Amino acid sequence: MNETFVLTRIGDSVRVDIRGPRNGGATAPVTVASSDLPTFVAERELDAEGGAGPRWVWDDTTRWYPSLLESGVRVRRCLDLRLSHDILRRSPHVDPGLLVGASSAEWEAMDPVELAGPALFAWHEHDEPLDSLAEFDRQQAALAASTKRDPLGLLLAAESSGALVAAEIAHAGLPLREALHERMLTTLIGPRPLPGARPELLEQLLPVIRGALGAPDLNPDSPKSLLRALRAAGLDVTDTRAWNLRQLDHPAVGPILEYKKLLRLANANGWRWLDTWVRDGRYRPNFLPGGTVTGRWAAHGGGALSFPAQIRSSVVADDGWKFVVADVAQLEPRVLAALSTDLAMAEAASESDLYEGMVKRGAVATRKEAKLGMLGAMYGSTSGEGGRMVTRMTRLYPRAFGFVEEAARAGERAEVVETFLGRASPAPTGRWTLALGDLPADDAGRDRDRRKWGRFTRNYVVQGSGAEWTLCWIATLRNLLWQLDGAGELTDRPHLVFFLHDEVLIHTPAALAEETILAVRRAAAEATRVMFGTFPIDFPLDVAIVDSWAEGDSRAFLLDAEDEDPDLEADLASPR
DNA sequence: GATGCTAGCGCC
DNA sequence: AAAGGGCGCTAGCATC
């Protein structure tokens, strides 16, 4: 039976309201002691073996699933009412009145529970527990009445699966060898310093920098005093950004850049990071599904989503285990081609490298131009080579480039834009939205803000739809991984241990690594089918079986590759 | 002493 | 004249 179980916590017990697949109507609720819940859930999952499985409806995955996982219980499906409330409330295709009811304000204000890290403390539940059944019924009614019922329903399911993945990643943790990390730190910045002291190798760079600038008291940790010292030394700079310093020809530049790089490592992923976020060979950040407006995940704790390439060599699979690392090549351009049904761009995307595909078809002269043009279209470049390429490529791919252009125009009109499945952008609140169409021609500030919002909505439709594809990917993947020939609980089988926007890491027994690769590919194909149906678009994956994340890092490879410019992103990020 | 902001840099 | 999106994190610094 694929029944729906709606869980509401009441004191030390849980009220379970059961909705059958056909009757839709209420049956008498069951009351389960909280301590018996894992058994109750496990039995229902077992009963439904083979089918899609029961669906567990709860207020918030972070308040339910971690303890189930601790008890060794995995679920196949859930509906996270907190996340779905947020999506439905923002959708212009949902009647907001249907979502209003008891505790509306509490549903709006609910935050996820942080499970990892130094701030861990017990959360206080509401005195009056939120009634999940009432909220579920409201959401179902709102969904049923929506003109975008099917895509929104898919989005809610994918978002909820993402919440399950996030909890499972937190449960399993990313394998990270403290000893390796410490050795790397010691080599690069010196042994663990005393509290408050500068690491040894930074200390050694200090006199070099001070000497070269003739500033004996300079503290290069302070951008302000560094800027002062640079200008006092006769250098024409307005900030201390590494990219700008690199343009200068001065003996202080090399040591300063080296210092900044090591300081960054020490601050972001040094000894304190290790102490705080890594325990018993596992790094456990808090992933927050739906944590950003576009639907990409956010993360708290240890900078999980900016895990530097430099330290990925510390991420090593357990003995007898492997990592399967997979990332999507040019996710967002491919999503854009499908969003806009641009057949010419989709045709170029049949190549494993979309940009090369454009070059091969004579659209542009070089891979770099293709990339500049695509990124320019998705981010809103108007000047420089990016801007020029956008103009040229608009003629070649009018549907795709027109699609993002229209999203930008809509944003500038203060309209809400949507992702492919219907996640709506927030309404703008800036002053420029007032008296729209009645702007003084010389109001440069408002004009700038309006264009800035247009760049946001332009990017929103692509970034948000890309996030939806990856949600569908990992949602399918977690189920396929469970069906592999494993046994035992989650961490005894192939399981996801990291998710980075368009890249996944799976920790798998070595014997199942090849099968895991097949699962990753099948999941990608399924995500494409579910999202885009028969539209001819490919999402090729780069997949590798590795012992260390560093081996599977395409950037590490690209640094040696002749045909790729590793500084291209930096070029884009810099003025001129 | 706590809090909020900025600069700068990491990731996608 | 110049004009790219989304994030998190840290230290320094200003402020209360």
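If you're wondering where the values come from, they're calculated on a predicted model, not measured in any experiment. Numbered from 1 within each chain, the chains take letters A, B, ... in sequence-line order.
L471(A) contributes atom CG, which lies 7.5 Å from atom CD of E468(A) (distance to the nearest 0.5 angstrom).
None of I517(A), D327(A), I506(A) except one satisfies the side-chain contact (heavy atoms from CB on, under 4.5 Å) rule with V543(A); the exception is I517(A).
Taking atom CG on L336(A) and atom P on dC12(B), their separation rounds to 21 Å, with Å as the unit. Residue Q310(A) contributes atom CD, which lies 19 Å from atom P of dC9(C) at whole-angstrom precision. dA11(C) atom P lies 12 Å from atom CG of N219(A), rounded to whole Å. R450(A) has its CZ atom 21 Å from the P atom of dA2(C), to the nearest Å. Regarding L226(A), its CG atom lies at a distance of 13 Å from the P atom of dG12(C), rounded to whole Å. In this entry the distance linking CG of D449(A) with P of dA2(C) reads 20 Å, nearest Å. Protein atom CG of L245(A) is 13 Å distant from nucleotide atom C1' of dA7(B), rounded to whole Å. dG6(C) atom P lies 15 Å from atom CG of L375(A), rounded to whole Å.
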Does the pair R413(A) and E406(A) meet the rule for a salt bridge (charged side-chain N to carboxylate O under 4.0 Å, His left out), with working shown?
CA-CA 10 Å; R413(A) 293 191 299 264; E406(A) 174 46 32; 2.9 Å; yes
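Here T240(A) reaches the OP1 or OP2 of dG8(B): one of its side-chain N or O atoms lies under 4.0 Å away. Contact annotation: R455(A) reaches the phosphate of dG5(C) (side-chain N/O to OP1 or OP2, under 4.0 Å). OP1 or OP2 of dC13(C) has not a single side-chain nitrogen or oxygen of K224(A) nearer than 4.0 Å. In this structure, R264(A) does not reach the dA7(B) phosphate: none of its side-chain N or O atoms is under 4.0 Å from OP1 or OP2.
Distances from the side chain of A242(A) to the nucleotides dC9(B), dG6(C), dT10(C) place dC9(B) closest. Closest to the side chain of S222(A), out of dG6(C), dG8(B), dG12(C), is dG12(C). Nearest to the side chain of R272(A), among dA3(C), dG6(C), dA11(C), sits dA11(C). For K452(A), counting side-chain heavy atoms from C-beta on, the closest listed nucleotide (dT10(C), dC12(B), dG5(C)) is dG5(C). In this structure, the nucleotide among dG6(C), dC11(B), dG12(C) sitting nearest to the side chain of A309(A) is dC11(B). The K260(A) side chain lies nearest to dC9(B) when the options are dA11(C), dC12(B), dC9(B).
Using a 4.0 Å heavy-atom distance criterion, A298(A) is classed as a sugar-phosphate-only contact. Within the 4.0 angstrom heavy-atom criterion, no nucleotide atom of any strand lies near K261(A). Note on S225(A): nothing from the nucleic acid sits closer than 4.0 angstrom, heavy atoms only. D239(A) comes within contact range of the sugar-phosphate backbone alone, with a heavy-atom separation under 4.0 Å but no base atom that close. If you check every strand for non-hydrogen atoms under 4.0 Å, G291(A) touches nothing. A299(A) comes within 4.0 angstrom of the backbone, heavy atoms only, and of no base. As judged by a 4.0 angstrom heavy-atom cut-off over every strand, R241(A) is placed among residues touching the sugar-phosphate backbone only. Among the atoms of the strands shown, only primed sugar atoms or phosphate atoms (P, OP1, OP2) are found under 4.0 Å from some heavy atom of T292(A). Within 4.0 Å (heavy atoms only), G301(A) reaches sugar-phosphate atoms of the nucleic acid but no base atom. Residue V462(A) is out of contact with every strand shown, counting any heavy-atom pair closer than 4.0 Å.
S91(A) places a side-chain heavy atom less than 4.5 Å from the side chain of L152(A). Taking 4.5 Å as the limit, some side-chain heavy atom of I311(A) sits within range of a side-chain heavy atom of L265(A). Counting heavy atoms from C-beta on, the side chains of L226(A) and K260(A) come closer than 4.5 Å.
The shortest non-hydrogen separation linking W453(A) to P426(A) is CZ2-O, 3.4 Å.
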